[in-house]
Amino acid sequence: MKIDIVKNRKTFFIRVVALITLGIGCFAYFASINLGFLIIGLIQFISLFVPSNYLYQKIGSLEFKENEIVISTNSDKVIPLIDIISLRLFYNDQKVNVTSKRWFGIGFIIKMLIETKEDSLQEYKLLVKISERDNYIKALEKLYSKQINIRERNELGAKYFLLKGNLSYKEIQEIKSKYNISW
């Protein structure tokens, strides 16, 4: 399964709003419509409807394979699973559990920290699309079953397991016994 690695776009959204505003301003000027100037002011509210994942640019991909993780950015990097000391995943509560394309939503961003024996720490931002959510969960299950030290958290540090938060005590005990992990 391949997941996109992304980085922040610095000026993408500003450019889009500026172009839209410029276009409507030119239209209002040449059409001599006073209402057009009112619309120009209201255009600024478009930013409320554009989700944050449109502010990211794809720079590569991450692929979970049977015994390794392949990271393809400027240079390909292969990380064997036996070399991984820990894998930290940080989720945004509000966007992880979205199951439909609300407004313009295409997925959610995960901050991933990989600690290996060779390198100290590597950080990536992953864009998991809504259609890839189930495959992502299956890939995580495989990593858990291979005894990889994975810590899933939300932005505030609350524990997660396979994109599920607010687990009951019973659920946590079942997870711990099934995958032989400790929290």
Side-chain angles (χ1 to χ4, degrees), residues 1-22 43-65 67-81 83-144 148-165:
M1 176 199 167
K2 284 191 175 184
I3 300 174
D4 292 340
I5 298 175
V6 295
K7 70 174 185 175
N8 290 351
R9 292 181 195 243
K10 297 192 187 313
T11 59
F12 171 76
F13 189 70
I14 295 169
R15 289 181 196 168
V16 170
V17 170
L19 288 174
I20 291 173
T21 306
L22 180 64
I43 286 292
Q44 307 307 319
F45 291 102
I46 289 176
S47 64
L48 299 175
F49 300 107
V50 177
S52 62
N53 53 10
Y54 279 109
L55 300 177
Y56 294 97
Q57 177 182 8
K58 180 180 175 178
I59 60 169
S61 64
L62 181 135
E63 184 174 2
F64 294 106
K65 291 193 174 182
N67 294 315
E68 60 193 14
I69 296 176
V70 178
I71 299 168
S72 301
T73 53
N74 295 336
S75 60
D76 289 347
K77 184 169 192 172
V78 177
I79 304 172
L81 293 182
D83 288 349
I84 295 177
I85 295 173
S86 69
L87 187 65
R88 309 263 185 242
L89 304 167
F90 297 95
Y91 304 127
N92 181 335
D93 275 339
Q94 298 166 346
K95 295 183 178 132
V96 166
N97 296 318
V98 173
T99 56
S100 66
K101 291 185 179 183
R102 188 178 146 240
W103 297 102
F104 299 107
I106 57 172
F108 53 93
I109 301 294
I110 298 173
K111 180 180 168 186
M112 175 186 270
L113 298 170
I114 302 174
E115 186 177 359
T116 62
K117 294 176 183 174
E118 297 170 2
D119 298 330
S120 59
L121 199 59
Q122 302 157 27
E123 181 178 335
Y124 301 99
K125 285 185 181 176
L126 308 175
L127 173 62
V128 178
K129 297 176 183 155
I130 294 171
S131 60
E132 297 173 340
R133 188 175 192 273
D134 292 333
N135 292 334
Y136 173 74
I137 291 172
K138 290 176 187 174
L140 276 182
E141 280 181 322
K142 289 178 184 178
L143 292 175
Y144 273 113
I148 303 297
N149 181 13
I150 302 173
R151 298 286 185 245
E152 297 178 74
R153 303 276 192 257
N154 71 358
E155 294 171 330
L156 299 175
K159 296 177 181 176
Y160 267 63
F161 181 78
L162 301 177
L163 298 181
K164 294 179 193 169

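The chain is numbered in sequence order, starting from 1.
Taking every heavy atom of both residues into account, N154 and F90 meet most closely at O-CD2, 4.2 Å. Taking every heavy atom of both residues into account, L127 and E132 meet most closely at O-OE1, 4.0 Å.
To the nearest 0.5 Å, atom CD1 of residue I5 and atom CG of residue L62 are 5.0 Å apart. Q122 CD to M112 CE: the interatomic distance, rounded to the nearest 0.5 Å, is 10.5 Å. Rounding to the nearest 0.5 angstrom, the gap separating the CD1 atom in I110 from the CG atom in L163 is 6.0 Å. Rounded to the nearest 0.5 angstrom, I79 CD1 and K117 NZ are separated by 13.0 Å.
Under the side-chain hydrogen bond (donor to acceptor under 3.5 Å, both in side chains) criterion, K77 pairs with D119, not counting sequence neighbours. In this structure E152 satisfies the side chain to side chain contact (heavy atoms under 4.5 Å, CB included) test together with L89, Y91, L140, Y144, I150, Y160, F161, sequence neighbours excluded. For E141, the side chain to side chain contact (heavy atoms under 4.5 Å, CB included) partners two or more places apart in sequence, or in a different chain, are K138, L162, Y179. For K2, the salt bridge (charged side-chain N to carboxylate O under 4.0 Å, His left out) criterion is met by no residue, not counting sequence neighbours. Shown here are the side-chain hydrogen bond (donor to acceptor under 3.5 Å, both in side chains) partners of T73, two or more places apart in sequence or in another chain: there are none. Partners of K125 under the salt bridge (charged side-chain N to carboxylate O under 4.0 Å, His left out) rule, at least two apart in sequence or in another chain, do not exist in this structure.
Side-chain N or O atoms of D4 include none that pairs as donor or acceptor with a backbone N or O of V6 at under 3.5 Å.
With a 4.5 Å cut-off on side-chain heavy atoms, Y124 and I3 do not count as touching. Within the 4.5 Å cutoff, the side chain of E63 has no heavy atoms near those of the S61 side chain. Residues N149 and I85 are not in side-chain contact: their nearest non-hydrogen atoms beyond the backbone lie 4.5 Å or more apart. No side-chain heavy atom of R153 sits under 4.5 Å from any side-chain heavy atom of R88. Residues I84 and I69 meet the side-chain proximity criterion, which asks for heavy atoms closer than 4.5 Å.
Within a 6.0 Å radius of CG in D76, other residues, nucleotides and ligands contribute more than 12 heavy atoms.
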